[in-house]
Amino acid sequence: MPNVVRAAAVSLSGIRKNFGPLEVLHGVSLTAHEGDVVSILGSSGSGKSTLLRCVNMLEVPNSGNVSIMGEEISLDQRPGRAPRPADPKQVNKLRERAAMVFQSFNLWSHLTILQNVMEAPLHVQGRHRNECRAEAEALLERVGIAAKRNSYPSELSGGQQQRAAIARALAMRPDVLLFDEPTSALDPELVGEVLKVIRDLAAEGRTMLIVTHEMAFARDVSTRTVFLHQGLITEEGPTSEMFANPRSDRFRQFLRRDGASSH
Amino acid sequence: MDYFQLMGFSADGWGHDMLRATGMTVAVAFIGFAVGLIFGCLGAAASFSNAHALRLAAAAYTTALRGIPDLLVIYLFYFGSSSVISGIAALFGSQGFVGAPAFLTGALAIGVVSGANQTQVLRGAVLALNKGEVEAGRAYGMGPLLLFRRIILPQAARYALPGVGNVWQLVMKESALISVIGLVELMRQAQVGAGSTRQPFSFYLTAAGLYLLITFASGQAFRLAEARTMRGLRRGI
Ligand SMILES: Nc1ncnc2c1ncn2[C@@H]1O[C@H](COP(=O)(O)OP(=O)(O)O)[C@@H](O)[C@H]1O
């Protein structure tokens, strides 16, 4: 691989996050460069989702900062009150650049699949309806559910809904995709079809952060891996090295325990 | 005179009066309903507010109006505003009781009463919203207004509509209470006709038929609206 300097797509530094008196992230720093596919691993409750949700400010860190595509999000983190973005408009702009795919899909149930995919480009980004429709149809084609475009989310299987949700994310033309346990709510036989779509996106060089329990998938697809334990990064590095040669006991244990279930 | 002459549209028939009164019932109920919807929105918004005082006010509003008979609320509004108006009139040299406009005070009283019910209905609808879908709206860059218009309103509408329809039916029936302050709506008109022709049963039966007609027609309208907002919802939920 040629040794080009790639720009940081997402950069988190010194992230701390409290829920009431409970601190669940104790100062986490993480950089994803353009083209990186970063798996965020860790046992449940270690803070993976919270960390991912700090990227698009669904959770606002109590301290530390977040940059997306080189732009730092300005935060109001004065002590003694709930942290919040200093400029909600800036956050909404940056959310267009970092699209999230949720564990429970969260498609808008009152809109058809096509309308779901067109919604943000049309109403948030203010693009032309015809352009949005053409692009949405192409994306649905691509994730293999073009035939369902006039159905409502409740009429689709979980796997189809998640693929629609991925199309919805892509329709914003984001720079970064954030996946929050994208297959955890799926029946086992539907996991494969969703992983295949994500795999294809990785192959085309998309920048992605993926919180997942699918170890085999993480190992295959991600360029870098971050292992979170009790709100701190215990180990991180290139995926192949980390899986071949885990340095920390924690990660080794985690791999061993998980090995049985995912191979 | 047989029934059809009595309710007919000839010079000595009561048809015109009954129809006009029906129009008045629909008008006062509609205005009362609209006022109630506004109070309901304010009440529901207050009940979700971060400010303790607002939440308390919303709770006090719904509790108080559930505990006071509606007829009493109408009297309070009528005699309350009448005494204010009489007081003002006295400043200009008038003496004695000046009645408040019955239509306005009646519609307002019904609005305040039904607003308490609407508060509960709208609160329930907001609580029924899928948090994840609202969060997806935020995650996709929607500001508060866009989020409300594109996601929250259409979703809350489908949970609220059945309840809102019930409140409308209630308001229709309660509008009959406004007859006590002299507004000539359907109930009052039926009383007048019954008294002056000594054929009370004909008048009350006709009034009952007209009330049923209004509730049937509006029921159909609500059903259509519900069918529209329920699209995309799994059947049986
Ligand atoms: N909104 C919240 N309010 C309170 N506690 C929360 C909230 N979200 C997460 N937590 C807590 O934070 C910790 C980390 O959660 P999470 O980030 O979901 O972990 P993971 O994704 O690794 O399973 C857990 O103990 C969880 O209970």
Side-chain angles (χ1 to χ4, degrees), chain A residues 52-53 55-60 82 85 87-113 115-126 150-156 161 164-165 168-174 177-178 180 185, chain B residues 44-45 48-55 121-122 124-165 222-237:
Chain A
L52 193 72
R53 289 161 59 83
V55 175
N56 64 354
M57 292 294 138
L58 288 181
E59 304 293 355
V60 183
D87 176 8
K89 289 216 170 62
Q90 185 203 20
V91 170
N92 285 337
K93 275 282 151 222
L94 289 176
R95 281 173 174 162
E96 294 174 33
R97 316 186 70 172
M100 183 171 265
V101 174
F102 298 88
Q103 177 176 353
S104 46
F105 331 132
N106 296 352
L107 291 170
W108 296 301
S109 52
H110 61 298
L111 301 177
T112 64
I113 295 303
Q115 288 169 336
N116 263 279
V117 178
M118 290 171 62
E119 179 70 16
L122 193 58
H123 294 285
V124 176
Q125 299 181 318
N150 293 322
S151 304
Y152 287 91
S154 60
E155 296 161 348
L156 270 59
Q161 288 190 54
R168 173 175 73 171
L170 294 172
M172 297 233 294
R173 300 179 177 167
L177 290 169
L178 309 173
D180 189 2
Chain B
F48 288 113
S49 159
N50 288 326
H52 186 62
L54 281 181
R55 288 201 306 275
V121 169
L122 298 178
V126 170
L127 288 174
L129 285 177
N130 180 322
K131 303 276 179 306
E133 293 180 37
V134 175
E135 181 164 82
R138 292 203 294 133
Y140 279 73
M142 293 187 182
L145 278 181
L146 192 61
L147 189 64
F148 183 76
R149 189 165 62 80
R150 297 291 310 170
I151 310 294
I152 297 179
L153 195 62
Q155 299 215 1
R158 65 192 183 190
Y159 299 117
L161 259 181
V164 168
F222 270 102
R223 210 150 306 137
L224 279 179
E226 272 173 47
R228 252 189 84 89
T229 57
M230 291 305 273
R231 283 180 309 191
L233 266 199
R234 242 182 245 280
R235 266 174 214 92
I237 292 186

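Labels below follow one simple rule: chain letters A, B, ... track the order of the sequence lines, proteins then strands, and each chain is numbered from 1.
Pairs of residues two or more places apart, or lying in two chains, that qualify as salt bridge (Lys or Arg N to Asp or Glu O under 4.0 Å) and include a residue from residues 88-111 of chain A are A:Lys93-A:Glu96, A:Arg97-A:Asp175.
A:Arg168 contributes no side-chain N or O that, together with a main-chain N or O of A:Asn116, makes up a donor-acceptor pair within less than 3.5 Å. With A:Gln161 contributing its side chain and A:Leu156 its backbone, the two residues share a donor-acceptor pair below 3.5 Å.
Shown here is B:Arg228, whose CZ atom has no more than 12 heavy atoms of other residues, nucleotides or ligands within 6.0 Å.
Contacts between A:Ala165 and chain B at a heavy-atom distance below 4.5 Å involve the backbone alone (N, CA, C, O). For a residue to count as touching a neighbouring chain, one of its non-hydrogen atoms must lie under 4.5 Å from one of that chain's; by this rule B:Ile151 touches chain A with backbone and side chain alike. Only the side chain of A:Glu119 comes within less than 4.5 Å of a heavy atom in chain B; its backbone stays farther off. At a 4.5 Å heavy-atom cutoff, the contact between A:Leu107 and chain B is made by backbone atoms alone.
Here A:His123 is the residue among A:His123, A:Gln125, A:Met57 with the most heavy-atom pairs under 4.5 Å with chain B.
Figure legend: B:Arg150 and A:Trp108 shown without cation-pi pairing, the cationic atom not lying both under 6.0 angstrom from the six-membered ring centre and within 45 degrees of its axis.
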